[in-house]
Amino acid sequence: RALKSFGYLPEWRYRFLDEDHADRLAVMCEGLTHLIFFSLEMDAQGGLVALDRLPDSERLARTRRVCPDVKLLVCFGGNGRSGGFPAVVQSETLRAS
């Protein structure tokens, strides 16, 4: 079974996804199997909040180009961003949606 290696990138570090940091991005992805973008929130009804926290399409495309073998993931909640999470995980209906 292959070892998995995850990296965690908060939105205040997204500048490392820019063209002038492509060399840093390549180094950052060395040895990673997964890169997690921090973080989306969900409201108590299960809706996604703060989609502007995701990297824009240009940054995502560059990340995919520079790090083609790394799987990209999104983190939900954390650091005061988990307000709606308890209601969603407690509801079978909301978890299914």
Side-chain angles (χ1 to χ4, degrees):
R1 199 170 207 184
L3 179 67
K4 307 288 187 213
S5 177
F6 290 74
Y8 184 75
L9 189 64
E11 79 264 9
W12 55 89
R13 298 283 189 229
Y14 286 175
R15 70 180 179 276
F16 294 119
L17 305 177
D18 292 341
E19 189 66 43
D20 56 337
H21 291 289
D23 57 334
R24 282 186 169 186
L25 178 59
V27 170
M28 182 176 70
C29 288
E30 282 181 19
L32 290 182
T33 57
H34 298 75
L35 180 60
I36 305 169
F37 295 110
F38 175 83
S39 100
L40 290 181
E41 294 176 55
M42 58 183 76
D43 60 27
Q45 292 74 44
L48 297 179
V49 180
L51 293 172
D52 60 321
R53 291 191 185 133
L54 290 176
D56 60 36
S57 59
E58 186 176 312
R59 285 173 165 169
L60 281 175
R62 184 174 304 105
T63 303
R64 290 187 185 282
R65 186 177 66 250
V66 174
C67 310
D69 298 323
V70 175
K71 293 182 181 181
L72 305 180
L73 305 170
V74 176
C75 160
F76 288 89
N79 194 29
R81 298 177 178 182
S82 303
F85 197 77
V88 173
V89 298
Q90 290 175 16
S91 167
E92 189 173 331
T93 302
L94 291 176
R95 285 193 318 266
S97 63

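Remember, predicted model here, so these are calculated numbers, not experimental data.
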From [atom1] ([X]) to [atom2] ([Y]), nearest 0.5 Å:
X	Y	atom1	atom2	result
Asp43	Leu94	CG	CG	9.0 Å
Asp18	Arg24	CG	CZ	11.5 Å
Glu41	Leu51	CD	CG	10.5 Å
Lys4	Leu32	NZ	CG	12.5 Å
Leu54	Phe37	CG	CZ	8.5 Å
Leu9	Cys75	CG	SG	11.5 Å

- Item | Pair Arg81 + Glu11, salt bridge at N-O below 4.0 Å |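 Looking at Arg81 and Glu11, the cut-off is met.
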- Can Glu19 and Arg65 be counted as an ion pair, charged N to O under 4.0 angstrom?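 Salt bridge flag = yes for Arg65 with Glu19.
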- Could you walk me through whether Phe16 and Leu25 pass side-chain contact (heavy atoms from CB on, under 4.5 Å), step by step? CA-CA 6 Å; Phe16 294 119; Leu25 178 59; 5.8 Å; no
- Can you tell me if CZ on Arg15 sees more than 12 non-hydrogen neighbours from other groups inside 6.0 Å?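 Atom CZ in Arg15 is crowded, with more than 12 foreign heavy atoms closer than 6.0 Å.
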Applying a strict under-4.5 Å side-chain criterion to I, L, V, M, F, W and Y, I'd like to know whether [X] and [Y] cluster together.
X	Y	answer
Tyr14	Leu72	yes
Leu40	Phe38	no
Leu48	Val89	yes
Leu17	Leu60	yes
Val88	Val74	yes

- Query: For the residue pair Ser5 and Gly31, what are the closest heavy atoms and their distance?
  - Reply: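 For Ser5 versus Gly31, the nearest heavy atoms are CB-O, 3.2 Å.
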Closer than 3.5 angstrom, by distance alone: can the side chain of [X] be matched with the main-chain N or O of [Y] as a donor-acceptor pair?
X	Y	result
Ser82	Phe85	no
Ser39	Gly77	yes
Ser91	Ala87	no

- Heavy-atom distance under 4.5 Å between the side chains of Phe6 and Leu35, does that happen here?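 Side-chain contact under 4.5 Å: no.
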